[in-house]
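Remember, it's a predicted structure, so these values are computed and weren't measured experimentally. Throughout, residue positions are numbered sequentially from 1 according to the sequence presented. Both counts, for ligands and for their atoms, begin at 1 and track the order of listing.
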Amino acid sequence: IKHGNRNGFSFFSEDLQAFSDKRSKIEKYLRTAIQNEEFEVYYQPLVDETGDILGAEALIRWRSKELGWVSPAEFIPVAEECGLILSIGDWVAEEACRTLKILEKDIYKLTPKYLSINISPRQFVQPQFTENLLTTIDKYALDHKKLRIEITENVAIDNIDLTIAKMHQLNGEGIDFMLDDFGSGYSSLSYLQKLPLQTIKIDRSFIANINNCKDNQVITSSIVGICEHFSMECIVEGVENDKELAFLKEKNITAFQGYHFYKPMPANKFLSLFI
Ligand code: C2E
Ligand code: CA
Ligand code: CA
Ligand code: CA
């Protein structure tokens, strides 16, 4: 749409234009971000009911020379669409393994049981995914239990049988799966029954406002019940204050992630928690 006028239509098309400009810039600069060393992995600890660290989630950060800080919520979808997520994902996995290796040094005490990495569907469906990941973990001679995979419900949308087979294969290699953002997607509960999952992460959207929202209370309690039934570990994300925590503890939740405990932090700061 070439020319604007005051009918509102043009404003819409200008917004759309601005959106696609930003998107193509992101794609352009993402292409060189790895070799320019613009990425960093931050770690956000997860804690038990006493506040002890259980594990941590690896979260990528991008400081572009041209665009400044860009949120993963903005660039990961672009990376998924243009395929760059494959090399970015490999890079994150390698970084997490490097960090796990460092934690094996004697100066680090009471280290986390695991680090988890986010794997997008496009990565997971790669025929080479399993082999590549195991090669990376074994390059650092790590216990396979130390690296966990976070997937979302939509990982299995295209081919559930293949997804299940792959998950079983990785399970067999000692790698555990966490279902991320549970409750935010469109999949049915029968998924849960079919997928070999070890952990469910209850989506942050149910925790925000939980003290005042009966609906979210019921949903959260129900998910806890489902996890108990299927013998899955249950983690809540996005715990931001004492009131939310008190409510969640009352519901027998024993694993928490959120700004109330720790924000995502650079590797060196994360490592210093264990000295
Ligand atoms: P996610 O996997 O659901 O990660 C949790 C997000 O919630 C992170 O945002 C984290 O910083 C944020 N968070 C943690 N605690 C709190 C809290 O108490 N309150 C609030 N408001 N937010 C909290 P972040 O780091 O911006 O990442 C956004 C999303 O980008 C992630 O959501 C994930 O889907 C994606 N992502 C991040 N790193 C990677 C990666 O290495 N690979 C892939 N494929 N996706 C990634
Ligand atoms: Ca996640
Ligand atoms: Ca999540
Ligand atoms: Ca999310």
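- Using a 4.0 Å cut-off between charged nitrogen and carboxylate oxygen, E81 and R122 do not count as a salt-bridge pair.
- Between the Ca ion (ligand 2) and the N, O or S atoms of E150, the shortest distance is to OE1.
- The pair R23-E74 fails the salt-bridge criterion, with no side-chain N (NZ, NE, NH1 or NH2) lying under 4.0 Å from an Asp/Glu carboxylate O.
- Nearest heavy-atom pair, Q123 versus L86, reported as atom, atom and distance to 0.1 Å: CA-CD2, 3.8 Å.
- Summarising the local packing, NZ of K65 is surrounded by more than 12 heavy atoms from other residues, nucleotides or ligands at distances under 6.0 Å.
- Among I207, N118, I119, V239, the residue whose heavy atom sits closest to atom 33 (C) of ligand 1 is N118.
- In this structure the side chain of I60 reaches within 4.5 angstrom of the side chain of W91, judged on heavy atoms.
- Looking at Y259, Y262, F261, it is Y259 that brings a heavy atom closest to atom 23 (C) of ligand 1.
- Residue D180 has at least one N or O atom closer than 3.5 Å to an N or O atom of ligand 1.
- The closest approach between any non-hydrogen atom of K201 and ligand 1 is not below 4.0 Å.
- Hydrophobic clustering of Ile, Leu, Val, Met, Phe, Trp and Tyr side chains at less than 4.5 Å, counting indirect connections, unites F274 with I107.
- If you number the atoms of ligand 1 from 1 as listed, the ones under 4.0 Å from a heavy atom of V92 come out as 41 (O).
- Which parts of ligand 1 touch Q44 is read off a 4.0 Å heavy-atom cut-off, strictly below it: atoms 14 (C), 15 (N).
- Contacts of K263 with ligand 1, taken as heavy-atom pairs under 4.0 Å, are absent altogether.
- Within the 4.0 Å heavy-atom shell around ligand 1 one does not find Q257.
- In D181, the N, O or S atom that comes nearest to the Ca ion (ligand 3) is OD1.
- Ring orientation note: the planes of W62 and F39 are tilted relative to one another, at an angle of 30° to 60°.
- Residue E237: no N/O/S atom is found under 3.0 Å from the Ca ion (ligand 2).
- Within the structure, ligand 1 lacks G89 among the residues with a heavy atom less than 4.0 angstrom away.
- For atom 30 (O) of ligand 1, the choice among S120, A58, P72 with the nearest heavy atom turns out to be P72.
- Coordination check, N118 versus the Ca ion (ligand 2): passed, since an N/O/S atom of the residue sits under 3.0 Å.
- Atom CG of L110 has 12 or fewer heavy atoms from other residues, nucleotides or ligands within 6.0 Å.
- For the pair K166 and F124, the distance from NZ or CZ to the six-membered ring centre is under 6.0 Å and the angle to the ring normal is within 45 degrees.
- No N or O atom of L59 sits closer than 3.5 Å to an N or O atom of ligand 1.
- Atom CD of Q35 sits in a crowded spot, with more than 12 heavy atoms from other residues, nucleotides or ligands closer than 6.0 Å.
- Per-residue contacts place G258 under 4.0 angstrom from the following atoms of ligand 1 (heavy atoms of the residue considered): 15 (N), 18 (O).
- A continuous path of Ile, Leu, Val, Met, Phe, Trp and Tyr side chains, each step under 4.5 Å between heavy atoms, connects L115 with F177, placing both in one hydrophobic cluster.
- Residue-environment remark: NZ (K101) exceeds the threshold of 12 foreign heavy atoms within 6.0 Å.
- In this structure, E57 has a heavy atom closer than 4.0 Å to ligand 1.
- Taking every heavy atom of P264 and a limit of under 4.0 angstrom, the matching atoms of ligand 1 come to 11 (O).
- Here atom 20 (C) of ligand 1 lies nearest to E240 when heavy atoms of E150, E240, E244, R61 are compared.
- Atom OE2 is the N, O or S atom of E57 at the shortest distance from the Ca ion (ligand 2).
- Proximity of D181 to ligand 1, defined as any heavy-atom pair under 4.0 Å, is confined to the side chain (atoms from C-beta onward).
- A side chain to side chain contact (heavy atoms under 4.5 Å, CB included) with S120 is found for one member of I76, I85, N154 and no other, namely I85.
- The Ca ion (ligand 2) has D180 among its coordinating residues (N/O/S atom, backbone or side chain, under 3.0 Å).
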